[in-house]
Amino acid sequence: MSLGQNYQLAQIEKPGPVLLLGAPGVGKGTQSDILSKLWNVPKISTGEILRANVSNGTALGLQANDIMKRGGLVSDRVMTQMVARRLGDSDTSIGFILDGFPRTVRQARWLDSYLNVHRRGAILGIIVMRMDHQRIVERVRHRSVCPVCNTVYNAQLMPPKRNGRCDKDDSALEQRNDDSVEVFQTRLNVFRKETEPLIQYYRGQALSIDIDAEQQPSFVTRDIVEGLTVFRKRMLLEDALPESPS
Ligand code: AMP
């Protein structure tokens with residue numbers, strides 16, 4: 001058995017790399033946190049890395065802050081450099097969960113060629129999290145986040161134990177400034193224009209799994225884990241079977 005096939009087999013048990021695709025507010029952050037703990041692989045949230053740069057006042061943070069406050073997208077060049085740097089860290093060698101990247105077709109093409117060069121044989125699992133956009137807007141109104149550990153809460157779905165305080169470090173919870181009604185609407189529009197075409201892009205490569213993200217978070221996790229296992233077994237089988245005669 002080749003090294004590549006060994007790597008693929010290992011991934012049925014410990015699935016990675018995985019990419020969570022879906023509109024802002026659909027629950028990608030919550031699921032990537034859960035999956036990262038479950039599989040013990042790092043999550044790479046480009047939004048979180050950018051926000052850390054903004055709060056640390058780095059050159060990148062200063063550059064990105066205005067764009068983020070308006071709900072726009074940071075340039076593909078900056079984002080691909082950032083992800084390349086993070087994927088160079090050794091903790092990503094077994095697997096990783098991408099949350100919020102890629103967001104444009106150019107970023108997706110870059111990721112394809114990066115994985116081809118640096119992770120040959122890896123099967124990228126693409127999870128498309130779907131939810132009605134009206135419902136997302138409703139949910140985001142109740143969303144708050146811990147500024148210290150980034151844990152996301154939802155007053156209706158996943159409330160903190162103590163009102164307005166983080167369960168983990170007791171910090172005062174905040175609303176993200178790009179979750180305001182107007183900016184969030186812009187982010188949804190940017191998603192429809194720039195990121196939704198990615199669903200087609202990956203569908204063309206027969207790589208994606210659709211998940212109903214409107215369920216309770218634990219059911220969403222269950223569907224992702226089950227979906228990925230079936231998907232990876234199928235991909236391995238297709239790889240192993242001889243091509244059918246035409
Ligand atoms: P998120 O936390 O994923 O909702 O991201 C927050 C903001 O960071 C987005 O609204 C964008 O301004 C920026 N951002 C995050 N990821 C990307 C990306 N892959 N490409 C461009 N901009 C991004």
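Remember, it's 1-based here, ligands and their atoms both numbered in the order they're listed. Quick caveat, the model's predicted, so the values are computed rather than measured.
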_As a test of understanding, state which of H118, R119, R120 forms a side-chain hydrogen bond (donor to acceptor under 3.5 Å, both in side chains) with N116._
R120
_R51, K69, R187: member with heavy atom nearest to atom 10 (O) of ligand 1_ = R187
_At under 4.0 Å between heavy atoms, is it the side chain or the backbone of L50 that contacts ligand 1, or both, or neither?_
side chain
*If you take all heavy atoms of T186 and G71, which pair is closest and at what distance?*
CG2-O, 4.2 Å
*From the candidates R70, M68, R103, M82, the one that places a heavy atom nearest atom 23 (C) of ligand 1*: R103
*Is there a donor-acceptor contact under 3.5 Å from the side chain of S208 to the main chain of I126?*
no
*asked:* Check this for me - ligand 1, S45, N or O atoms closer than 3.5 angstrom, yes or no?
replied: no
*Between the side chain of S144 and the main-chain N/O of E174, is any donor-acceptor distance below 3.5 Å?*
no
_Close-contact set for ligand 1 against T46 heavy atoms, below 4.0 Å_ = 15 (C), 16 (N), 17 (C), 19 (N)
*Is it true that the side chains of Q31 and T221 contain a donor and an acceptor less than 3.5 Å apart?*
yes
*Can you tell which of E194, M79, K28 gets a heavy atom nearest to atom 17 (C) of ligand 1?*
M79
_Closest protein heavy atom to atom 22 (N) of ligand 1, given as residue, atom name and distance to 0.1 Å_ = V74 N, 3.1 Å
*Does any N/O atom on G72 come nearer than 3.5 Å to any N/O atom on ligand 1?*
yes
_Could you check whether any heavy atom of P24 sits closer than 4.0 Å to an atom of ligand 1, since that is the contact criterion I want to use?_
no
*side-chain hydrogen bond (donor to acceptor under 3.5 Å, both in side chains) partner of R86, chosen from D91, T46, T92*: D91
_Point-to-point distance, once rounded to the nearest 0.5 Å, from OH of Y202 to CG of L19_ = 5.0 Å
_Atoms of ligand 1, numbered as shown, that sit under 4.0 Å from any heavy atom of Q107_ = 18 (C), 19 (N), 20 (N), 21 (C)
_Within one Ile-Leu-Val-Met-Phe-Trp-Tyr cluster: I97 and I34, side-chain cutoff 4.5 Å_ = no
*ligand 1 versus R176: contacting region, heavy-atom distance under 4.0 Å*: side chain
